[in-house]
Amino acid sequence: MNKNNPEAAPEAVKSNFIHQEIDKDLSENKNGGAVLTRFPPEPNGYLHIGHAKSICLNFSLAQKYGGGCNLRFDDTNPVKEDVEYVDSIQEDVKWLGFTWEGEPKYTSDYFDQLYSWAVKLIKNGKAYVDDQSAEVIASQKGTPTTPGTESPYRNRSVEENLDLFERMKAGEFAAGEKVLRAKIDMASPNMHMRDPLMYRIIHQAHHRTGDKWCIYPMYDYAHGQGDFIEGITHSICTLEFEVHRPLYNWFIDQIVEGERTPEVRGRQIEFARLNLNYTVMSKRKLLELVQKGIVSGWDDPRMPTVSGLRRRGYTPESIRNFADKVGVAKRDGIIDVALLESCIREDLNKRVARVNAVVDPLKMIITNYPEDKEEWVELINNPEDESMGSRQLPFSREVYIERDDFMEDAPKKFFRLTVGKELRLKGAYAITCTGFKKNEDGVIEEIYATYDPETKSGATTVTRKIKGVIHWVSAKHAVDAEVRMYDRLYNHEAPAAQKDADHLDFINPDSLTVIAAKVEPSLKDAKVLDKFQFQRVGYFCVDKDSTSDKLIFNRTVALKDSWAKKK
RNA sequence: UGUCCCAUGGUGUAAUUGGCAACACGUCUGGUUUUGGUCCAGAAGAGUUUAGGUUCGAGCCCUAAUGGGACAACCA
């Protein structure tokens, strides 16, 4: 039994091109047949559904090949990083159901090793200290179509470079005064090979190494080496790093130069990142939503973050299933959020209890039901799962029904209530609508009905077919609840991909609607994150803002509604 | 006037590695149902961007074109 993904184990994980690459490596007996992957977030933000895809990929690769997956924080830039993020990332990965190998790793753990390898490069004439400003260095880079020019400091002596680099480390220089660069090829058609920076000076405390360092390695000089140190065999990353691959290999070539052949030498493989329509996925834009107060925080239920989805009511299983269904390829496309929604519906359908909750209450008075009578009726908790049993619900003369379950002028295909029509209050009696009352504004205030005592659910002797069934909640016993109805955050399919517009131009003003609902009394003791199907309405879960005095539910996703389409 | 990557129904991914293009989501029928949900049965929808080539045979291999994307942070 693999420790990852313990329960659900879709052994038939869809095959993808990475499997084929790994199969090939294995058939050539590379790395002694080992497979070790890693998930390497920078702790500078919260994880989102795109990271979840990568997490599922890396861990499922480890599972498939009997290997492992490390969690490594790529913490090479103290100005952007924070422990708040390392904590949330660990929480999210665990919540998704995965267990990384050993302790979490940190690139900062390798700073000493990285430094000594840098010294090796200098000694081998493969790195030099450059005194030029960022602007000058940038201008010398050339463009993708024109070669760059060499820095005047490129041919400093090894001794001078060694001395300068040590003094950089000792803190003798201000930020920006000096950098360490790899000496490769300023005319390379690949911009990343034009003497890339290895180290820059940053006088800022690091969340783990404190003030020990004032020089920090760049991504390109740190990532592959981190992989090398950990023995990562397959370094899976997204497409934009494709052009970094030659550099990834070059640096490892330099550090193994003159050493004995390493047992494990990993390789970078790139896949297309996840894109979802009607949402943005970049940390920068997500941060913008948070900072501008467009959402309530990183875990706002409208956010595509793992914490947002969790709060919204998504389950780890549904997200893993989603990650499996979107597949892995090198073509970048846009996934329809409908797929994500179908995954959570599929999961919740079979596991959560049905309850009666009226989201837009309209009072109905059953005029022939005795004023002070109440009785209990029984309802099945989940028709998909008999073992979930049933529960008792109070019934009385006045009940709330859904406002849109009544129509004054109903079309022929309307299966719900209109004057003169009979239907069933689910689990209780058949009722017939006898009339309604409007206020001065023409808004229906309450409706009237009579019930047929012979039609009580379970005990009925009546055999006539009653087409419509609606949910309800006894007015006297109803519990008030705030319900937060969520819609897509953006009203444009690709909010981040518009030339002349900012993603904020496409914010859906109606992405959150707060309503006052009437829910059945059994819900009074619901705990945060408890999940339900509000019968005929959708899937809901208790929000973290909920208290015993004030119940708050989030709508995770609506039920499919083929009636809404017909209208 | 560069280098690299990509191209299969509406969307996403497959195709036993050169052998009748499949699955999921979505859409549409019909049935079941005390949820217009679920479930069940079925349907429509691509001949694989284009042009050449290799081959008995090409979605798959080769060449080119076209279209899309990545690359010029002291970010990752």
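Labels below follow one simple rule: chain letters A, B, ... track the order of the sequence lines, proteins then strands, and each chain is numbered from 1.
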- Note on the structure: Tested for side-chain hydrogen bond (donor to acceptor under 3.5 Å, both in side chains) against S235(A), the lone hit among R38(A), R267(A), Q268(A) is R38(A)

- For rU54(B), is chi within 90° of 0 (syn) or not (anti)? anti

- Message: With syn defined as a glycosidic angle within 90° of 0 and anti as the rest, where does rG42(B) land?
- Response: anti

Does [N] have a Watson-Crick or wobble mate here (both distances under 3.5 Å), and if so which one?
{"N": "rG47(B)", "result": "none"}
{"N": "rC23(B)", "result": "rG12(B)"}
{"N": "rU35(B)", "result": "none"}
{"N": "rC61(B)", "result": "rG53(B)"}
{"N": "rG30(B)", "result": "rC40(B)"}
{"N": "rA70(B)", "result": "rU3(B)"}

Using the [atom1] atom as the reference point in each nucleotide, state the distance between [N] and [M] in Å, no decimals.
{"N": "rU33(B)", "M": "rU17(B)", "atom1": "P", "value": "48 Å"}
{"N": "rA58(B)", "M": "rC20(B)", "atom1": "C1'", "value": "14 Å"}
{"N": "rG45(B)", "M": "rA22(B)", "atom1": "C1'", "value": "14 Å"}
{"N": "rC75(B)", "M": "rG12(B)", "atom1": "C1'", "value": "31 Å"}
{"N": "rU13(B)", "M": "rA7(B)", "atom1": "C1'", "value": "14 Å"}
{"N": "rU11(B)", "M": "rG57(B)", "atom1": "C1'", "value": "32 Å"}
{"N": "rC6(B)", "M": "rC40(B)", "atom1": "C1'", "value": "40 Å"}
{"N": "rG59(B)", "M": "rU50(B)", "atom1": "C1'", "value": "14 Å"}

Ignoring hydrogens and angles, state whether a donor on the side chain of [X] or [Y] is under 3.5 Å from an acceptor on the partner side chain.
{"X": "E378(A)", "Y": "S457(A)", "result": "no"}
{"X": "Q140(A)", "Y": "T149(A)", "result": "no"}
{"X": "E42(A)", "Y": "N44(A)", "result": "yes"}
{"X": "D220(A)", "Y": "H244(A)", "result": "yes"}

Please report the distance, rounded to the nearest Å, between [atom1] in [X] and [atom2] in [N].
{"X": "M193(A)", "N": "rG2(B)", "atom1": "CE", "atom2": "P", "value": "21 Å"}
{"X": "N275(A)", "N": "rU13(B)", "atom1": "CG", "atom2": "C1'", "value": "15 Å"}
{"X": "D185(A)", "N": "rG2(B)", "atom1": "CG", "atom2": "P", "value": "18 Å"}
{"X": "L348(A)", "N": "rC39(B)", "atom1": "CG", "atom2": "C1'", "value": "17 Å"}
{"X": "E378(A)", "N": "rU34(B)", "atom1": "CD", "atom2": "P", "value": "16 Å"}
{"X": "F395(A)", "N": "rU34(B)", "atom1": "CZ", "atom2": "P", "value": "19 Å"}
{"X": "I18(A)", "N": "rU13(B)", "atom1": "CD1", "atom2": "P", "value": "13 Å"}
{"X": "R416(A)", "N": "rU35(B)", "atom1": "CZ", "atom2": "C1'", "value": "10 Å"}

- Message: Below the 4.0 Å mark, does rG36(B) have OP1 or OP2 next to a side-chain nitrogen or oxygen of R536(A)?
- Response: yes

For [X], answer base if it contacts any base atom (sugar-phosphate contacts may also be present), sugar-phosphate if it contacts only those atoms, and nothing otherwise; contact means non-hydrogen atoms under 4.0 Å.
{"X": "S457(A)", "answer": "base"}
{"X": "I466(A)", "answer": "nothing"}
{"X": "R245(A)", "answer": "nothing"}
{"X": "K413(A)", "answer": "base"}
{"X": "V328(A)", "answer": "sugar-phosphate"}
{"X": "G427(A)", "answer": "base"}
{"X": "R194(A)", "answer": "nothing"}
{"X": "G45(A)", "answer": "nothing"}
{"X": "Q533(A)", "answer": "base"}

- Query: Are Y314(A) and F322(A) close enough that their ring centers fall under 6.0 Å?
  - Reply: no

- F17(A)-F271(A) aromatic ring centre distance below 6.0 Å: no

- Task: Going 5' to 3' through nucleotides 15-28 of chain B, assign each nucleotide B (protein heavy atom under 4.0 Å from a base atom), S (under 4.0 Å only from sugar-phosphate atoms) or - (no protein heavy atom that close).
- Result: S-B------SSSS-

- Which letter, B, S or -, goes with each nucleotide of nucleotides 67-76 of chain B from 5' to 3', with contact meaning a protein heavy atom under 4.0 Å? --SSSB-BBB

- Residue of the set Y153(A), F165(A), Y199(A) for which side-chain contact (heavy atoms from CB on, under 4.5 Å) holds with V129(A): F165(A)

- Message: Nearest to the side chain of Q535(A), heavy atoms from C-beta on, is which of rG36(B), rU35(B), rC5(B)?
- Response: rU35(B)

- Query: Taking only residues two or more places apart in sequence or in another chain, which ones pass side-chain contact (heavy atoms from CB on, under 4.5 Å) with C433(A)?
  - Reply: F406(A), L417(A), V419(A)

- Message: Just to verify, what does M191(A) make a side-chain contact (heavy atoms from CB on, under 4.5 Å) with, not counting sequence neighbours?
- Response: K141(A), P144(A), R194(A)

- Query: Can you list every pair that meets salt bridge (charged side-chain N to carboxylate O under 4.0 Å, His left out) and has a residue in residues 273-286 of chain A, with sequence neighbours left out?
  - Reply: E240(A)-R273(A), R284(A)-E288(A)

- Note on the structure: Contacts satisfying salt bridge (charged side-chain N to carboxylate O under 4.0 Å, His left out) that involve residues 173-193 of chain A (not counting sequence neighbours) are D130(A)-R181(A), D131(A)-K178(A)

- Query: Which sits closer to the 5' end of RNA chain B, K330(A) or F414(A), going by the nucleotide each is nearest to?
  - Reply: K330(A)

- Identify the residue among F534(A), F553(A), F532(A) that makes a ring-ring contact (aromatic ring centres under 6.0 Å, His included) with F540(A). F534(A)

- Message: Whether the side chain of E346(A) and the base of rG37(B) hold a donor-acceptor pair under 3.5 Å is what I'd like checked.
- Response: no

